[in-house]
Amino acid sequence: MDKIKSFSAATGGIWERLRQEAAAAATVEPALEGLLGGMIMERDSLGEALGHLLGRKLGDEAVSAAAIRELCVEALRSDPAMIDHYMRDMAASHERDPACRSWLQPFLFFKGVAALQAHRIAHWLWHQERQLMAFHIQSRCSEIFQVDIHPAALIGSGIFLDHATGTVIGETSVVGDDVSMLQSVTLGGNGKERGDRHPKIGRGVLISSGAKVLGNIRVGDEARIAAGSVVLHDVPPCVTVAGVPAKIVRVPSPEHPAECMDHSFDL
């Protein structure tokens with residue numbers, strides 16, 4: 001397989017940190033030396049490492065790990081911006097998750113980060129009219145990560161899927177930059193109509209665990225959706241909504257809610 005070179009000089013910082021952390025970790029945990037070498041230390045770039053990671057996780061008897069790696073090579077060469085999105089997603093997990101103590105964690109173990117990058121590959125395939133392969137990637141993500149994102153969904157960068165288990169994002173959903181979502185969030189339809197039927201999530205929105213946002217509705221920039229809420233109507237920017245059905249309970253919401261990850265509010 002041809003090597004993928006770094007497409008953005010800005011990736012160098014994260015890539016170098018990953019390599020340093022991998023080398024240090026291999027001396028502390030010799031049992032992980034093979035994993036760290038194969039995923040990071042023997043790779044020439046963050047893009048190449050991503051291809052090996054997704055191949056290892058998503059390859060199966062139907063589509064091998066090598067074939068997944070080749071898809072990543074092809075996609076990343078065609079759309080180098082995906083590396084920048086990957087870097088921003090990694091940084092979002094590193095900065096917003098208090099359980100994150102290294103760059104190795106989101107790279108190797110955070111399935112929300114991996115699922116987002118797999119979706120970006122599937123989204124690229126979708127727009128190359130390779131829909132069957134895009135659906136295969138989606139299906140494997142659902143099986144392996146318990147994250148189900150339709151290949152046509154449009155996802156921004158700097159996205160944090162915390163825990164990620166049970167995340168469902170429908171076909172015509174749009175998710176803006178710098179959004180944070182916790183586990184068991186659904187961006188779904190509201191009925192069986194076709195066409196544009198899924199939510200449009202603005203920049204910097206925080207969606208807490210178990211929330212359901214249903215229908216072709218808009219959630220404004222930097223809004224918050226409380227845990228367990230069912231949102232059926234548009235949400236203005238910079239407010240907090242909660243309940244079933246969700247109603248505005250706080251105006252304004254905290255500044256930059258997706259970054260501060262503050263889920264509390266006073267009724």
Side-chain angles (χ1 to χ4, degrees), residues 81 84-100 106 110 112-113 115-116 119-120 123 147 149-150 153-190 196-267:
D84 296 316
H85 298 325
Y86 180 30
M87 182 176 61
R88 293 201 70 232
D89 294 340
M90 286 259 290
S93 288
H94 191 268
E95 294 163 4
R96 299 176 207 169
D97 188 345
C100 186
F110 284 11
V113 174
L116 282 168
H119 166 72
R120 298 192 195 285
H123 187 74
V147 175
I149 307 175
H150 192 285
L154 184 59
I155 310 292
S157 65
I159 307 299
F160 178 34
L161 300 185
D162 193 9
H163 302 291
T165 302
T167 300
V168 177
I169 300 178
E171 178 182 10
T172 60
S173 298
V174 177
V175 177
D177 293 342
D178 304 314
V179 167
S180 292
M181 286 187 269
L182 277 76
Q183 68 273 15
S184 300
V185 164
T186 297
L187 306 182
N190 186 15
D196 195 356
R197 61 195 184 280
H198 294 104
K200 312 298 180 280
I201 308 299
R203 175 187 50 78
V205 171
L206 172 61
I207 309 178
S208 195
S209 56
K212 316 300 176 189
V213 187
L214 305 177
N216 184 15
I217 61 177
R218 296 187 177 276
V219 177
D221 294 351
E222 301 204 353
R224 290 192 306 171
I225 299 173
S229 298
V230 177
V231 184
L232 300 173
H233 303 287
D234 288 354
V235 176
C238 303
V239 304
T240 299
V241 298
V244 181
K247 297 180 181 179
I248 296 174
V249 296
R250 179 169 173 177
V251 181
S253 63
E255 189 175 7
H256 308 313
E259 296 179 15
C260 70
M261 299 293 290
D262 181 2
H263 301 271
S264 63
F265 59 90
D266 297 322
L267 292 176

Q: Output yes when a side-chain donor or acceptor of Asn216 lies under 3.5 Å from a complementary backbone atom of Pro199, and no otherwise.
A: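 Absent.
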
Q: Could you go step by step and tell me if Val179 and Phe160 meet the side-chain contact (heavy atoms from CB on, under 4.5 Å) rule?
A: CA-CA 6 Å; Val179 167; Phe160 178 34; over 6 Å; no

Q: To check you understand the geometry: which heavy-atom pair defines the closest contact between Ala258 and Ser180, and what is its length?
A: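 Looking at all heavy atoms of both residues, the shortest contact is O-OG, 2.7 Å.
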
Q: Counting distance only, does the side-chain N/O of His119 pair as donor-acceptor with the main-chain N or O of Ala153 below 3.5 Å?
A: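 Side chain of His119 to backbone of Ala153, a donor-acceptor pair under 3.5 Å: yes, one is there.
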
Q: Which heavy atom in Ala226 sits nearest to a heavy atom in Ser208, and how many Å separate them?
A: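 That closest heavy-atom pairing would be C-CB, 3.8 Å.
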
Q: Distance-only criterion, 3.5 Å: show the donor-acceptor pairs between side-chain atoms of residues 161-169 and protein atoms not counting sequence neighbours.
A:
{"residue": "Thr165", "atom": "OG1", "partner": "Lys111", "partner atom": "NZ", "Å": "2.6"}
{"residue": "Thr167", "atom": "OG1", "partner": "Ala164", "partner atom": "O", "Å": "2.8"}

Q: To the nearest 0.5 Å, tell me how far Leu116 CG sits from Asp89 CG.
A: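 Those atoms lie 5.0 Å apart.
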
Q: Does atom CZ of Arg197 have more than 12 heavy-atom neighbours, drawn from other residues, nucleotides or ligands, at distances under 6.0 Å?
A: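 More than 12 within 6.0 Å, yes.
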
Q: When you measure from the side chain of Ser184 to the backbone N and O of Gly210, does any donor-acceptor pair fall under 3.5 Å?
A: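 Judged by distance alone, no pair lies under 3.5 Å.
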
Q: With side chains defined as the heavy atoms from C-beta onward, is the minimum distance between Pro236 and Ile248 less than 4.5 Å?
A: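 A side-chain contact under 4.5 Å exists here.
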
Q: What verdict does the side-chain contact (heavy atoms from CB on, under 4.5 Å) test give for Val219 and Ile225, after you've listed the backbone C-alpha separation in whole Å, the side-chain angles of each residue and the deciding distance to 0.1 Å?
A: CA-CA 9 Å; Val219 177; Ile225 299 173; 4.2 Å; yes

Q: Give the minimum heavy-atom separation between Pro257 and Gly204, together with the two atoms involved.
A: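 Pro257 and Gly204 have their closest heavy atoms at CG-O, 3.6 Å.
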
Q: So, taking the atom named CG in Asn190 and the one named CG in Leu232, what distance separates them when rounded to the nearest 0.5 Å?
A: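 Here the interatomic distance stands at 6.0 Å.
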
Q: To check you understand the geometry: which heavy-atom pair defines the closest contact between Ile217 and His233, and what is its length?
A: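 Reported closest heavy-atom pair: CD1-O, 3.6 Å.
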
Q: Would you call Lys200 and Asp234 a salt bridge, using N to O less than 4.0 angstrom?
A: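 Answer for the salt bridge query: no.
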
Q: So do the side chains of Val239 and Ser253 get within less than 4.5 Å of each other, counting heavy atoms only?
A: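 No, every pair of side-chain atoms sits at 4.5 Å or beyond.
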
Q: For a 4.5 angstrom cut-off between non-hydrogen side-chain atoms, does Arg120 reach His85?
A: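 The answer is yes; the side chains approach within 4.5 Å.
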
Q: Heavy atoms only: give me the nearest Leu206-Asp262 pair and the separation to one decimal.
A: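 It is CD2-O, 3.6 Å.
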
Q: So Ser229 and Lys212, side-chain contact (heavy atoms from CB on, under 4.5 Å) or not? Walk me through it.
A: CA-CA 6 Å; Ser229 298; Lys212 316 300 176 189; over 6 Å; no

Q: Is the backbone of Arg203 close enough, under 3.5 Å, to the side chain of Asp178 for a donor and an acceptor to pair up by distance?
A: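 Pair absent, no side-chain N/O of Asp178 close to backbone of Arg203.
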
Q: Under a 3.5 Å threshold, yes or no: a donor from one side chain and an acceptor from the other, between Ser173 and His198?
A: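 No pair is found: no donor N or O on one side chain lies under 3.5 Å from an acceptor on the other.
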
Q: Test of understanding: with side chain to side chain donor-acceptor pair (under 3.5 Å), list the residues that count as partners of Thr240, not counting sequence neighbours.
A: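 Arg224.
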
Q: Say whether, by atom type as modelled, one donor and one acceptor occur between the side chain of Arg88 and the main chain of Ser157 under 3.5 angstrom.
A: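 Yes; at least one donor-acceptor contact below 3.5 Å.
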
Q: Does the pair Leu187 and Val175 meet the rule for a side-chain contact (heavy atoms from CB on, under 4.5 Å), with working shown?
A: CA-CA 9 Å; Leu187 306 182; Val175 177; 3.7 Å; yes

Q: Could you give the distance from NE2 (His150) to OG1 (Thr172), rounded to the nearest 0.5 Å?
A: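 So the NE2 of His150 and the OG1 of Thr172 are separated by 9.0 Å.
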
Q: Would you say Ser93 and Val113 make side-chain contact, with heavy atoms under 4.5 Å?
A: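 SC-SC contact between Ser93 and Val113 confirmed.
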
Q: Say whether His256 and Glu222, considering side chains only, have a donor N or O and an acceptor N or O under 3.5 Å apart.
A: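 Side-chain D/A pair, His256 to Glu222: present.
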
Q: How long is the span from the CD1 atom in Ile155 to the CG atom in Asp177, to the nearest 0.5 Å?
A: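 Ile155 atom CD1 to Asp177 atom CG measures 11.0 Å (nearest 0.5 Å).
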
Q: Which pair of heavy atoms, one from Met261 and one from His263, lies closest together, and at what distance?
A: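 Here Met261 and His263 meet closest at O-CD2, 3.1 Å.
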
